[in-house]
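Naming: A, B, ... by sequence-line order, numbering from 1 per chain.
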Number of protein chains: 2
Amino acid sequence: MTQIDSIDRKIIAELQQDGGLSSQELADRVGSSAASCWRRVKALEQAGILKQTVRLVDPARLGRGLDVFCQIRLKSQSRTQRAAFEAFIEAQENVVECYSISGDWDYLLHVVAEDVADYERVLMHGILDHEVIASSSSIFVLRRVKHQTAIPV
Amino acid sequence: MTQIDSIDRKIIAELQQDGGLSSQELADRVGSSAASCWRRVKALEQAGILKQTVRLVDPARLGRGLDVFCQIRLKSQSRTQRAAFEAFIEAQENVVECYSISGDWDYLLHVVAEDVADYERVLMHGILDHEVIASSSSIFVLRRVKHQTAIPV
DNA sequence: TCTGAAACCTCTTCCAT
DNA sequence: ATGGAAGAGGTTTCAGA
């Protein structure tokens with residue numbers, strides 16, 4: 001990939017809002033041709049800039065109305081303990097995001113649960129059962145004020 | 001919408017992983033026909049369960065390699081101050097997520113920035129300039145361990 | 001609810017610019 | 001690198017069973 005120009009940026013912005021756009025629709029919006037847009041999208045995929053196309057859902061309608069952010073401290077930050085913890089988290093389907101963070105805690109998890117009772121189950125009998133965890137602190141989400149996947153271009 | 005059955009669940013699961021699947025591909029994966037899948041998808045959209053299709057991007061490749069979670073406390077939690085803050089956040093393109101939370105802080109923001117210097121600008125000369133904010137605390141992301149948009153069905 | 005077929009749109013390549 | 005044209009292939013939509 002040579003360079004991202006202003007048309008590429010427009011394409012990325014459009015596709016971040018609506019991943020279902022056809023090359024022709026894209027062309028109309030960014031002021032180019034369908035063939036050109038198609039080539040640009042392929043190049044952006046090739047370059048690893050555009051990744052998957054996903055469908056977003058309403059968690060509440062699927063019985064996952066509760067979001068919780070959970071900070072975790074490990075007993076030891078050794079490479080093996082970290083690797084063990086990360087592999088474990090990867091397999092937990094209730095944990096949708098996991099970040100290694102700076103500060104007082106080692107990890108920040110974003111957990112989706114049905115309700116508080118379900119979260120208690122997921123945390124106490126799922127996550128905290130893991131050997132390497134020293135302690136945790138939960139931040140309960142009262143309301144999603146803003147929730148977008150698009151990043152500025 | 002009457003009820004979500006097991007085929008609907010499979011459709012939702014597939015579409016959360018790959019929003020670009022055609023009705024035929026969906027049909028093959030969930031064991032149904034293209035026409036049936038097409039009708040089910042329309043019904044799930046109508047019911048507000050399936051929402052937008054979006055394209056995911058690599059933030060680092062677009063010069064937004066730094067994620068920061070920022071906790072905010074307002075001077076007052078009055079309705080007008082909260083509304084003012086939320087409208088302000090809505091307009092901040094660097095803030096991709098904002099949650100109203102329980103505990104010591106009022107809000108949790110997910111901010112994307114170019115680097116630490118850029119974050120300092122965004123925070124000090126963007127977000128914290130706002131009148132209603134009393135204090136903040138930033139959690140820097142060292143690495144994205146897991147980052148998925150799909151929630152379990 | 002499914003099958004089949006028609007109409008339509010999209011992807012993909014090629015070529016002249 | 002771009003835009004137009006065009007064939008192949010896939011998708012939507014609507015009969016009829």
Open item on the list: Is the phosphate of dT1(C) approached by S33(B) (side-chain N or O, under 4.0 Å from OP1 or OP2)?
Closed with: no
Open item on the list: Both S36(B) and A34(A) contact DNA chain C. Which one's nearest nucleotide lies toward the 5' end?
Closed with: S36(B)
TODO: Measure the distance from CH2 on W38(B) to P on dA5(C) and round it to the nearest whole Å.
DONE: 20 Å
Open item on the list: Heavy atoms only, 4.0 Å cut-off, all strands: where does K42(B) land among base, sugar-phosphate and nothing?
Closed with: nothing
TODO: Answer yes or no: are there more than 12 heavy-atom neighbours, outside E93(A) itself, under 6.0 Å from its atom CD?
DONE: yes
TODO: Output the single nucleotide from dG3(D), dT12(D), dT3(C) whose closest atom is nearest the side chain of S23(B).
DONE: dT12(D)
- [ ] Take the protein atom CD of E25(A) and the nucleotide atom C1' of dC9(C), then report the distance between them rounded to whole Å.
- [x] 10 Å
Open item on the list: Do V141(A) and L109(B) land in one hydrophobic cluster if side-chain heavy atoms of ILVMFWY residues count as linked below 4.5 Å?
Closed with: no
Task: Result of checking Q17(A), E45(A), Q16(A) against R55(B) for side-chain hydrogen bond (donor to acceptor under 3.5 Å, both in side chains) - done: E45(A)
- [ ] Take atom CZ of R40(A) and atom P of dC11(C), then tell me their distance rounded to the nearest Å.
- [x] 17 Å
- [ ] Would you kindly give the CD1-to-C1' distance between I4(A) and dA1(D), to the nearest whole Å?
- [x] 17 Å
Open item on the list: Heavy atoms only, 4.0 Å cut-off, all strands: where does Q24(A) land among base, sugar-phosphate and nothing?
Closed with: nothing
Open item on the list: If hydrophobic clusters are built by linking Ile, Leu, Val, Met, Phe, Trp and Tyr wherever their side-chain heavy atoms come under 4.5 Å apart, do L123(B) and L142(B) end up in the same one?
Closed with: no
Task: Options dG3(D), dT12(C), dA1(D), nucleotide nearest the side-chain atoms of R39(A) - done: dG3(D)
Task: Integer-rounded Å distance: dT12(D) C1' and L26(B) CG - done: 14 Å
TODO: When you get a sec, tell me which of dT11(D), dG4(D), dT1(C) is the closest nucleotide to the side chain of S22(B)?
DONE: dT11(D)
